[in-house]
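The structure under discussion appears below in the form of structure tokens.
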Amino acid sequence: DFTGWVMGSSSDSNLFDVYYNVTEPGDPEHSNVYGKVKLLGANARSSATNKTLKIGYNQSVNQDGIYYYVTRIDKSMRYRCSDIETLDMSSTNKIDTIDADAFNGSTALTKAIVSAKVIGSRAFYNCKNLKTLQLYGSSESSQGVQQLGGFSFAQTGVTSVYIPSSVTSYSGGVFAYCGSLTNFTVSSSNNYFAADTNSPNCLYNKSKTTLYQMGGGTTPTVMQDLSS
């Protein structure tokens with residue numbers, strides 16, 4: 001394990017102390033051979049004026065002359081993320097997984113821009129002040145969010161959700177207990193999901209034979225077979 005730092009935003013005063021664990025070694029003899037690390041935690045420095053944790057291509061980690069990319073956010077993140085107000089992953093497609101419970105109960109978090117391929121169960125559960133959620137993805141490049149784990153955004157304050165074309169898997173209760181959620185929009189290029197035009201509206205499978213989530217989901221919606 002080692003400690004580094006990343007930019008919080010565009011200003012030098014927006015810094016986080018970030019904790020990493022190496023999951024795949026790099027090559028000190030070849031600077032273009034990057035290793036991989038998982039993110040264990042991030043604490044804002046006292047000088048931080050904008051507590052935005054931005055993870056992107058230009059934020060590779062240099063440790064002892066070896067460069068690493070963040071490819072996973074570990075479940076232990078929940079114990080070292082109380083300062084993060086915005087999580088911005090808009091400029092990276094290298095993160096494969098956000099572990100189950102990674103940000104569970106992070107009440108400071110108000111905005112999340114997410115591009116990880118797999119979002120684990122309860123990853124953002126009970127982030128009550130999380131109101132803005134952007135899921136990035138493109139089926140053409142096979143990048144971005146692909147799997148939404150069970151209850152991954154349950155009991156948050158999100159008001160609207162856009163399902164990009166990359167999403168192929170949706171587990172039960174992803175947006176359960178989201179009483180402010182009234183609008184689902186699905187990419188026209190998504191082959192797996194659809195939404196209706198009512199308000200509050202609902203999220204279905206593509207053929208609308210299975211109901212995944214009702215808008216204003218103050219109770220955990222059980223997937224319902226509507227084909228019969």
Q: Taking the six-membered ring of Phe103 (Phe, Tyr or Trp), confirm whether the NZ or CZ of Arg78 is under 6.0 Å from its centre and within 45° of its axis.
A: no
Q. Between Gln155 and Lys128, is any pair of side-chain heavy atoms under 4.5 Å apart?
A. yes
Q) In terms of side-chain geometry, is the basic nitrogen of Asp101 or Arg122 positioned less than 4.0 Å from the acidic oxygen of its partner? A) yes
(Q) Taking the side chain as everything from C-beta on, heavy atoms only, tell me whether Thr71 gets closer than 4.5 Å to Val37. (A) no
Q: Find out if a path of hydrophobic residues (ILVMFWY) with successive side-chain heavy-atom gaps under 4.5 Å connects Tyr162 to Phe124.
A: no
Q: Could you check if a side-chain atom of Val161 sits within less than 4.5 angstrom of a side-chain atom of Phe175, using non-hydrogen atoms only?
A: yes
Q | Joint cluster assignment, Leu148 & Ile95, ILVMFWY side-chain distance < 4.5 Å | A | yes
Q. So, the side chain of Asn126 versus the backbone of Asn104: is there a donor-acceptor pair under 3.5 Å, distance only?
A. no
Q.
Once ring-ring contact (aromatic ring centres under 6.0 Å, His included) is applied, do any residues pair with Tyr125, and if so which ones, sequence neighbours excluded?
A. none
**Q.** 4.5 Å side-chain heavy-atom contact, Ile163 and Thr185
**A.** no
Q. Are the side chain of Asp96 and the backbone of Arg72 linked by a donor-acceptor contact shorter than 3.5 Å?
A. no
Q) What is the minimum heavy-atom distance between Asn190 and Lys206, and which atoms define it? A) O-NZ, 2.7 Å
Q: Provide the closest heavy-atom pair for Ser115 versus Tyr136 in the form atom of the first, atom of the second, distance.
A: CB-CB, 4.0 Å
(Q) Looking at every heavy atom in both Ala108 and Ser82, which two are closest together, and how far apart are they? (A) CB-O, 3.2 Å
Q | Connected via hydrophobic side-chain network under 4.5 Å: Val114 and Val186 | A | yes
Q. Looking at OG1 of Thr86 and CG of Leu109, how far apart are the two atoms once the value is rounded to the nearest 0.5 Å?
A. 7.0 Å
Q.
Please check: side-chain N/O of Ser166 versus main-chain N/O of Val145, any donor-acceptor pairing under 3.5 Å?
A. yes
**Q.** Tyr69 six-ring face occupied by Lys94 cation (under 6.0 Å, within 45°)
**A.** yes
Q | Leu133 CG to Thr110 OG1 distance, which is reported to the nearest 0.5 Å | A | 12.0 Å
Q: Check whether any side-chain heavy atom of Asp196 sits under 4.5 Å from a side-chain heavy atom of Lys208, and report yes or no.
A: yes
Q.
I'd like to know whether NZ of Lys111 has more than 12 heavy-atom contacts from other residues, nucleotides or ligands below 6.0 angstrom.
A. no
Q | Lys75/Asp99 salt bridge by N-O under 4.0 Å criterion | A | no
**Q.** Centroid separation Tyr212 to Phe193 less than 6.0 Å
**A.** yes
**Q.** Interatomic distance, Leu130 atom CG to Cys178 atom SG [nearest 0.5 angstrom]
**A.** 8.5 Å
Q: State, to 0.1 Å, how close Ser187 and Pro164 come at their nearest heavy-atom pair, and which atoms those are.
A: CB-C, 3.9 Å
Q) Say you draw a straight line from CD of Gln213 to CG of Leu181; how long is it, rounded to the nearest 0.5 Å? A) 7.0 Å
Q. Are side-chain heavy atoms of Tyr19 and Met77 found at a separation under 4.5 Å?
A. no
Q: Check for a donor-acceptor pair, side chain of Ser152 on one end and backbone N or O of Ser121 on the other, with a separation under 3.5 Å.
A: no
Q.
Quick one, Asn205 and Tyr192 - any side-chain contact, counting heavy atoms below 4.5 Å?
A. no
Q. Looking at side-chain heavy atoms only, is the closest gap between Val158 and Thr132 below 4.5 Å?
A. no
**Q.** Heavy-atom pair with the smallest gap, counting every atom of Ala44 and Asp83
**A.** N-OD2, 3.0 Å
Q | same_hphob_cluster(Val118, Leu87) at 4.5 Å side-chain heavy-atom cutoff | A | no
Q: Compare every heavy atom of Thr156 with every heavy atom of Phe153, then report the nearest pair and how far apart it is.
A: O-OG1, 2.9 Å
Q. Can you tell me how far the CG atom of Leu53 sits from the CD1 atom of Ile84, to the nearest 0.5 Å?
A. 4.5 Å
Q. Between CG of Leu135 and CD1 of Ile119, what distance do you get to the nearest 0.5 Å?
A. 5.5 Å
